[in-house]
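Worksheet: one structure, shown below.
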Amino acid sequence: MVIDRDRRVLHIGHRVTGLLLCPGGHVEAGDRTLLAAAVREVCEEAGLRPGDLCLTPQFLDEPIDVDVHDIDANPAKGEPAHQHFDVRFAFYLTDEQPPALDLQGKEVAGAQWLPYADVRSPTLRAKLLAAEADGLDGRPEPVSANALIHDGAGRYLLHLRDDREGMWEPWVLALVGGKRSRDDASLEATLRRELAEEVPGLEPAELVPFAVQEATSVDGLAVPISVYAGRWSGDAEAVDLREGVLLKWFTVDTLDRLRLSPGLGDLIRRHAAEHPTVEEPPDAARPLPGEAPAGTVLHVVGVHLHLEQDGKVLLGLRHPDSAYAGRMWHALAGHLEAEAATAGLAREAYEEARLIIDPADLELVHTVHTVDRPGARPRIQLFFRPRHWEGTPEVREPDRCLAWEWWDAKDLPEPIVPYTRVAIEGIRAGRSYSELGWER
């Protein structure tokens, strides 16, 4: 049963019976479900495409009506007397105007769009009129909800779907979420229920409507999905994943290398552009059993170059799409691999700006012990000053840094990463240590 924006139902004339009925037919061996059979039949008889149709929020993928009637025996076909079950599903048209119909000429003789009150089936007519009061108005709206979960530090939580027959978008990275049930009071309730079922314990403090994403179901139907943005910064590996293969954090700069559900990459990039972050992504590392006393929290160590020249310090302007501190000024910096701090900074200086520094020429001039927010992983930021260095700063990683510039240490640019300002001011004041973000 297809409903348009004027609350009219598509009827077609059947040549054999002479009746004006909703499109339909018998289930075939290749039909995955009764719903899939209904989609196939309406497309065959009326010439519509599955993408011209979407589910209604009132009935979703459940039948609106089941008509049961007796069929007399037909000796010519070898059929005994039996009951016929006519399972009826409701669909909206996705477009404002009904598409042109391409009727199946051998079985169909004409088509009409009839108001609810004129629908030929009495039981179906009564249910349509009752559902009209509940909003059955022919206007598509989301019937699924997904969670765009981010940690406020440039990372987004993605879910790898199972690779099973009949799975919607199998073996791709997608958002956590699912379809609405008739018991859900709202789409946010749908999403909260899905999170509790799929990833119990993952509870974003707030879910805010962000976008409506268009998708295609297994049966080819159009599926508008309401996407809610929510912030959570927990350990993805510790989540009790009940559906799918894995749950993992990803940054924007890795999206091009991933197999994502259609349109998801653009959606994440849009969110990242509209919600720039000034926090660094937390490290997921945890102490191994027996490696440290109970209660030990690992700290992330960052190394930074404090390069001075004629009373000025070198700062880089972060790329707008950078996973950390987009559009902000920051010292040349990096995270340590399995290496000494001075060796790691010398490596970063050459990789990022083609500056040549001997690790032995680096002296520690300031340390900032920082935490972005309660519950975030603490960080130890080490600032080193070289006694000697060679080269002219070059932009070697344009996807992270747009420019290197010298700034007066007494008049630093804005916006600047907060702990970088704290460190530079501390160095000028002769202090060797600062703290930032800790509650006192």
Indicate yes or no for a side-chain donor-acceptor contact from H150 to the backbone of G152 under 3.5 Å, with no hydrogens or angles considered.
yes
| message | Given the ring of Y228, does R192 sit roughly above its face, with NZ or CZ under 6.0 Å from the centre of the six-membered ring and within 45° of the axis? | response | no
Worksheet item: Are the side chain of Y116 and the backbone of L128 linked by a donor-acceptor contact shorter than 3.5 Å?
Response: no
dist N146:CG -> L207:CG (nearest 0.5 Å) comes out at 11.5 Å
H335 and G302 have their tightest heavy-atom pair at CD2-CA, 4.4 Å
What one should report as the nearest heavy-atom pair of P359 and A346 is CG-CB, 3.9 Å
- Is the backbone N or O of G30 less than 3.5 Å from a side-chain atom of R32, with the two atoms forming a donor-acceptor pair by type? no
dist L175:CG -> I225:CD1 (nearest 0.5 Å) comes out at 8.5 Å
Under 4.0 Å between a side-chain nitrogen and a carboxylate oxygen: does that hold for E45 and K106? no
Verify whether one side chain among D184 and T190 offers a donor that lies under 3.5 Å from an acceptor in the other.
-> yes
Notebook entry, point to check: Between H82 and H69, does a ring-ring contact (aromatic ring centres under 6.0 Å, His included) hold up when you go through it step by step?
Noted result: CA-CA 9 Å; H82 61 281; H69 52 274; 9.1 Å; no
Only residue of V245, V172, L246 satisfying side chain to side chain contact (heavy atoms under 4.5 Å, CB included) with R161 is V172
**Message:** Given 3.5 Å as the limit, does a donor-acceptor pair link the side chain of S217 with the main chain of L221, or not?
**Reply:** yes
The reported gap from CG in L317 to NE2 in H330 (rounded to nearest 0.5 angstrom) is 12.0 Å
* Asked: When you check the gap from the basic side-chain N to the acidic O, do R396 and E352 get nearer than 4.0 Å?
  -> no
Item to check | Test side-chain hydrogen bond (donor to acceptor under 3.5 Å, both in side chains) applied to T251 and D253, step by step | outcome: CA-CA 6 Å; T251 54; D253 58 338; 2.4 Å; yes
Within-4.5 Å side-chain heavy-atom neighbours: H271 and F210:
yes
Heavy atoms of L267 and A211 approach each other most closely as CD1-CB, 3.7 Å
Pairwise side-chain contact, Q381 with T370, heavy-atom cut-off 4.5 Å (strictly under) = yes
Taken in chain and number order and not counting sequence neighbours, the residues that satisfy side chain to side chain donor-acceptor pair (under 3.5 Å) with R164 are D162
Could you check whether any side-chain N or O of T33 sits under 3.5 Å from a backbone N or O of A36, counting only pairs where one atom can act as donor and the other as acceptor? yes
When rounded to the nearest 0.5 Å, the distance separating CD of Q58 from CG of L136 is 5.0 Å
I want to check something: taking the side chain as every heavy atom from C-beta on, are V303 and F384 in contact at a cut-off of under 4.5 Å?
yes
**Message:** Are there over 12 heavy-atom neighbours, none belonging to E405, within less than 6.0 Å of that residue's CD?
**Reply:** yes
Rounded to the nearest 0.5 angstrom, the CD-CE distance for E414 and M328 is 7.5 Å
**OP:** Applying side-chain contact (heavy atoms from CB on, under 4.5 Å), run through V119 and H11 and close with a yes or a no.
**Re:** CA-CA 8 Å; V119 168; H11 286 66; 4.0 Å; yes
Nearest heavy-atom approach of H319 to L402 is CD2-CD2, 3.4 Å
- prompt: Is a salt bridge present between R347 and E339, judged by a nitrogen-to-oxygen distance below 4.0 Å?
  reply: yes
### Message
I'd like to know whether L247 forms a side-chain contact (heavy atoms from CB on, under 4.5 Å) with L157, so could you lay out the CA-CA distance, the side-chain angles of the two residues, the decisive distance to 0.1 Å, and finally the verdict.
### Response
CA-CA 7 Å; L247 196 67; L157 194 63; 3.9 Å; yes
Q.
More than 12 heavy atoms of other residues, nucleotides or ligands under 6.0 Å from NE2 of H84: yes or no?
A. yes
**Asked** Do the side chain of W438 and the main chain of H369 share a donor and acceptor less than 3.5 angstrom apart?
**Response** yes
Determine yes or no for a side-chain-to-main-chain donor-acceptor pair under 3.5 angstrom, with R15 supplying the side chain and G105 the backbone. yes
Counting C-beta onward and ignoring hydrogens, is there a side-chain heavy-atom pair between R242 and E197 closer than 4.5 Å?
no
| request: Would you mind reporting whether L160 and W171 have side-chain heavy atoms less than 4.5 Å apart? | output: yes
Here the pair of heavy atoms bringing A90 nearest to I64 is N-CG2, 4.3 Å
Just by modelled atom types, is the V297 backbone N or O under 3.5 Å from a matching donor or acceptor in the H299 side chain? yes
Sidechain N-carboxylate O distance under 4.0 Å for R231, D151:
no
Rounding to 0.5 Å, atoms CH2 (W168) and OG (S144) come to a distance of 5.0 Å
* Asked: Do V223 and E214 pass the side-chain contact (heavy atoms from CB on, under 4.5 Å) test, and can you show the C-alpha distance, the side-chain angles, and the key distance before you say yes or no?
  -> CA-CA 6 Å; V223 182; E214 299 296 334; over 6 Å; no
Worksheet item: Got a sec: does the CG of D72 have more than 12 other heavy atoms crowding it under 6.0 Å?
Response: no
### Query
Is it true that a side-chain atom of D52 and a backbone atom of R49 form a donor plus acceptor pair closer than 3.5 Å?
yes
In short, V42 meets V39 closest at the heavy-atom pair CG1-O, 3.2 Å
Is the backbone N or O of D6 less than 3.5 Å from a side-chain atom of D4, with the two atoms forming a donor-acceptor pair by type? yes
ask   = With a 4.5 Å heavy-atom cut-off, do L241 and V199 have their side chains touching?
value = yes
Residue set satisfying side chain to side chain donor-acceptor pair (under 3.5 Å) with T123, at least two apart, ordered chain then number -> D65, S121
Before you tell me yes or no, could you show the steps for W404 and L315 under side-chain contact (heavy atoms from CB on, under 4.5 Å), namely the whole-Å CA-CA distance, both residues' side-chain angles and the distance that decides it to 0.1 Å? CA-CA 6 Å; W404 296 108; L315 296 174; over 6 Å; no
R400 atom CZ: more than 12 heavy-atom contacts under 6.0 Å:
no
Are T94 and L53 side-chain neighbours, meaning at least one heavy-atom pair lies under 4.5 Å? no
**Asked** Under 30°, 30 to 60°, or over 60°: which ring-plane class applies to H304 and Y419, parallel, tilted or perpendicular?
**Response** perpendicular
- Query: Does any non-hydrogen side-chain atom of P57 lie less than 4.5 Å from one of E141?
  - Reply: yes
Margin query: If the threshold is 4.0 Å, N to carboxylate O, is there a salt bridge linking D61 and R180?
Written below: no
